Amino acid sequence: MKKSTNHSNGSFHPISAPDFLPRNQLQDLQLQRLKAIVQRAYDHVALFRKRMEERGLTPEAVQSLDDITQLPFAVKTDLRDTYPFGLFASPMKDIVRLHASTGTTGKPIVVAYTQEDVQVWANVMMRSFAACGLHAGDIIHNAYGYGLFTGGLGAHYGAEALGATVIPISGGNTQRQLTVLKDFGATAICCTPSYFLHIIEQAPELGVNIRELPLRTGVFGAEPWTESMRRRIEAESGIKAYDIYGLSEIIGPGVAMECRCQAGPHIFEDWFYPEIIDTKTGKPCADGEEGELVLTTLGKQAMPMIRYRTRDITALTSEPCDCGRPLRRIKRISRRSDDMIIIRGVNVYPSQIETALLKVEGTLPHYQIILTREKGLDEMEVQVEVTPEVFGDTVGALEQLQGKLCTSLERSMGLRARVRLVQSRTIQRSEGKAKRVIDQRKM
Ligand SMILES: [Zn+2]
């Protein structure tokens, strides 16, 4: 028998109503909004207009949703090339907020919001929280970074709009995080999955038993993570871990969110129009086929993004979800095309390694991948922490575990890697996005 997906003390939340719009009505709304946003970008964003003109297109080219495939793509370098304000469609007097990413390479990217955009953002974040069963009365411990990063303020506005109590603790200072979690009785936490692992790990030292806290829900995002990682987090902490998806270029967190079925994030399609394309050809992929997620903001006034290539690899599904939302879901994003490692000519994603490692008993969910080049040949070493019991075991037992991990990795990647078992807490912890790969190869 299927388990009921209704939360015991809060069934349907009225804010979720747009999630249940019948598909034909949703598509009507999408088309209206698409036409308006294409017109807006054409009128106010020089780069978009130029690309449309090069293709001999005007906004009238969009008469149906399928017509979107004629429109030009936008890519991350467009934001860098027009830094800081070149893609804005609103004058600064109408812009109420700027955010920026601290790019690891080159210039940061800047994104902008009008008052209306901020409201839409709060709305989708509110619907995100409601989708995983949170409501007024919940105490939300928001450990996403506040500041130029969109995570902190995005979650904050949504949680407040929902009527929940927000604790704007931001990231860092893990001891204080634990004290506040315990003393303020948070029922939900928002942060990156890797940071939550770090919090769980520190808990016993401060005499905090996570399982005894009222904490029951985690809203985790801002970095790719796997289903195996979810299982580890849930088993370690006794909470339910939900995957939230978003990116600053589109709005921030709140583009898609898992419902209580935990079956992949539902996209808030009334505001974000998704497509999946073949990364090489740019052609649309069929439902269920894996490719790059492309998103169009259907309402963003300050900075419309049309056919933005996210570099996130996933698949779309319109298979019905047990929650009843007709909103399509994306397969949980565990890899980005940017994260791909090429080693000895083989393409490998950190998420493949994560899954292969966590399959094996005795490992801890902390690992790092070190790439080096020796005598012209790429070498990969995977360092993984093991439980103190395993680490204190006989040499034979450690060798056996190492062997199992090598086999698991080779099966998943199709190539051999060195495995180094390390004591727990050897690998550096992150307070934001985890750094999984250290590439020491000289280019
Ligand atoms: Zn659902």
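Counting starts at 1 for both ligands and their atoms, following the listed order. Since the model is a prediction, treat every value here as computed from it, not as a measurement. Scope of the values below: all heavy atoms of this structure, side chains included, with no hydrogens, waters or symmetry mates.
Protein N/O/S atoms closer than 2.8 Å to the Zn ion (ligand 1): Cys259 SG, His266 NE2, Cys321 SG, Cys323 SG.
Salt bridge annotation for Lys331-Asp243: absent, with no cationic side-chain nitrogen under 4.0 angstrom from a carboxylate oxygen. For the pair Arg230 and Glu258, the salt-bridge criterion is met [side-chain N within less than 4.0 Å of a carboxylate O]. Residues Asp278 and Lys283 are not paired through a salt bridge, judged by the lack of any N-O separation under 4.0 Å between the basic side chain and the carboxylate. Note on Arg216 versus Asp138: salt bridge recorded, some NZ/NE/NH1/NH2 to OD/OE distance being below 4.0 Å.
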task = Report the C-alpha separation of Lys435 and Glu223 in whole Å, then their side-chain angles, then the decisive distance to 0.1 Å, and conclude whether the salt bridge (charged side-chain N to carboxylate O under 4.0 Å, His left out) test is met.
result = CA-CA 10 Å; Lys435 185 162 176 56; Glu223 68 181 7; over 6 Å; no
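Under 3.5 Å, the side chains of Ser90 and Arg40 contain a donor-acceptor pair of N or O atoms.
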